[in-house]
Structure formats: structure tokens, C-alpha cells
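Every number for a ligand or one of its atoms is a count from 1 in the order of the listing. Quick caveat, the model's predicted, so the values are computed rather than measured. Atoms considered below: every heavy atom in the structure, side chains included; atoms not considered: hydrogens, waters and symmetry mates.
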Amino acid sequence: MTSPLTEQDLAARYLAMGGLARELGELAMRWFADQASLNTQTKGAQDFVTEADRAVEALFRERIAAAFPGDSVLGEEMGGDGSDRLWIIDPIDGTANFARGDRIWCVSLGFVANGRPELGVIHAPALDETYLARRGGGATLNGKPIRAAQTRDITQAVVEFGWSTRLPTKLYLDGVARLYELGAHVKRAGSGALALTQVAAGRSDGYAELHINAWDVAAALLIAQEAGARTNDFFSGDWLASGNPVLATAPYLWDVILEASGIPDLLRKAN
Ligand code: IPD
């Protein structure tokens, strides 16, 4: 049994998190610079893993075991279970980009206490960008506060729609078509975590994906919330083991993007 988490416990983790993300980012960058060494393998259609993903997650596990031995880790590559002090890592989100030399990828670290996200860092070393958030403390990009966009008109909006191989492609294409018909500019850059930070930074007005896993969004959703974006209740039901749909939008565009995404319909059918 672990003792209840105090403010000091959280502060210690917050302080450690930025440095840890940078260390992991440096390791990932060494692999990124040497594409021939990646030994890219597939876990399924359009689902890649490289030596770098494994090495970054292994180093993180080593560092957490040494600094916070009572904490648990859940990671994309090595799994893990829930606990009341849980780190969630995606060692490289955007692996498909990473493995092709595209700079849109990041290291994602989230800390969840008693099922509630408390801390998040997204570090994108190839873009030289670090997003940080602490619950109730706002969100920053490279140390400067960020805010979600105040866009009100969908015909002026940029919306990213993530594609998951875990659901029928038609559901995705229908959502994309609805967004275009409304007049939005739709894009997909290949990293769910970074896409959420773009909403947080006001560079895009929404990110939707019909199914995504906890490690892709545990850190970035907190960053989006803390920047004033509206987000769905991803952390509900069996989110940790099975994932959920995800949505984050500029506050005034919530209703229109939610409906266009097809998420309400999907949830109605599932219940
Ligand atoms: C993937 C990316 C992608 C999203 C997928 C994720 P990975 O994560 O975030 O943008 O559409 O659902 O699985 O495999 O690059 O860590």
C-alpha cells in the first residue's frame, strides 16, 4: 500500500519530468539521426515499432524505478497495469513519421494519480518544442503560456482528424467528408499527442480520433485542457486498458466538431 500523494510528491515529479523528457528526447534523436539503425518492424497495418521506441521506454522505466520506486509505469511497447501512482509513456508518438525521417513525432509522459491526470509533458526534440502542464497550473510551450484558439466560425477552422486502423475506414472518411462539407480545413499529421498540443497552442481548432490508446493522449489531453481547450471525457470506462474516442477543440467550436466527428453516434451504438 502506498501512502496518499502529497503536493510535495507531485511537485517532485513535475520537477523531474521536464529533465527526463529531454534525456529521452536526446536518446531518440540519436536513433533518428541514424535511420539505418532503426530496424523498423510492423505490429500490424501502418503500425510500426523501432529499436528507438524500445530503448526510450526502457530508459524511462530505469529512471522511474530509481527516482520514484513506488510508482508504476504503463507504456506502449512494454505494457503495464494501472496503479494509484501511474506514469504513462508513449516513447515515440508518431513512429511512422519517425521511421521515415519526418520530424513530427514526440516523447509523451503523463502522470496519473488515483485515475486522474495530474502532470503531462510532450517533448518534440526534432521540432525543438516542449509542452508542459500541471493540473490547475496552465500549460506552456518552451516555458511560455499557451491558449487554445477562440475561433467561432467553422469555415475559418483547421481541424485534425486522426485515423485509427482499429475501426472501419468508412467511419473515418465520413467524418472527414462532413468536416469538409462544413468548410473546415482538414489535415492529418500522424501524431495524436502532437495534434492535441496544436489545439492547446491555438495552431489548430480541433483534434478528433474515433479510437486512440491511453499512452497517445494521457499527457497531451491535460495540456489541451490546461490551455483552455474543451475535451471529451476520455478518462472514463475502460480507458486505460482499451482506449476511447478522443476530442479536443477550441471552446466555441465544440458542438459542430463533435457532431461532425461521428463520436456521439459511435458511442450511442456501443451502449
Ligand atoms: C499513433 C499516432 C497516430 C494515431 C494512432 C496512434 P504511434 O501512435 O498517434 O497519429 O492516429 O492512433 O496509434 O503508434 O505513432 O505511437
Test side chain to side chain donor-acceptor pair (under 3.5 Å) on Glu160 and Ser204 and set out the steps.
CA-CA 7 Å; Glu160 187 161 349; Ser204 74; 5.4 Å; no
Looking at [X], which atoms of ligand 1 are within less than 4.0 Å of one of its heavy atoms?
X	answer
Ser191	9 (O), 10 (O)
Glu209	4 (C), 5 (C), 11 (O), 12 (O)
Asp90	16 (O)
Glu76	14 (O), 16 (O)

Distance to 0.1 Å, residue and atom name: give those for the protein heavy atom nearest to [atom].
atom	result
atom 15 (O) of ligand 1	Gly94 N, 2.7 Å
atom 1 (C) of ligand 1	Asp93 OD1, 3.8 Å
atom 3 (C) of ligand 1	Gly190 O, 3.7 Å
atom 6 (C) of ligand 1	Asp216 OD2, 3.7 Å

Any Lys/Arg nitrogen of Arg134 or Glu7 sitting under 4.0 Å from an Asp/Glu carboxylate oxygen of the other?
yes
Cluster overlap Phe161 with Ile104, hydrophobic side-chain contacts below 4.5 Å:
no
Which of parallel (below 30°), tilted (30 to 60°) and perpendicular (above 60°) describes Tyr172 and Trp163?
tilted
Does Glu226 have any salt bridge (charged side-chain N to carboxylate O under 4.0 Å, His left out) partners at least two apart in sequence or in another chain, and if so, which?
none
Nearest heavy-atom approach of Phe234 to Pro245 is CD1-O, 3.4 Å
Evaluate Ala193 for polar contact with ligand 1, using N/O atom pairs at a separation under 3.5 Å.
no
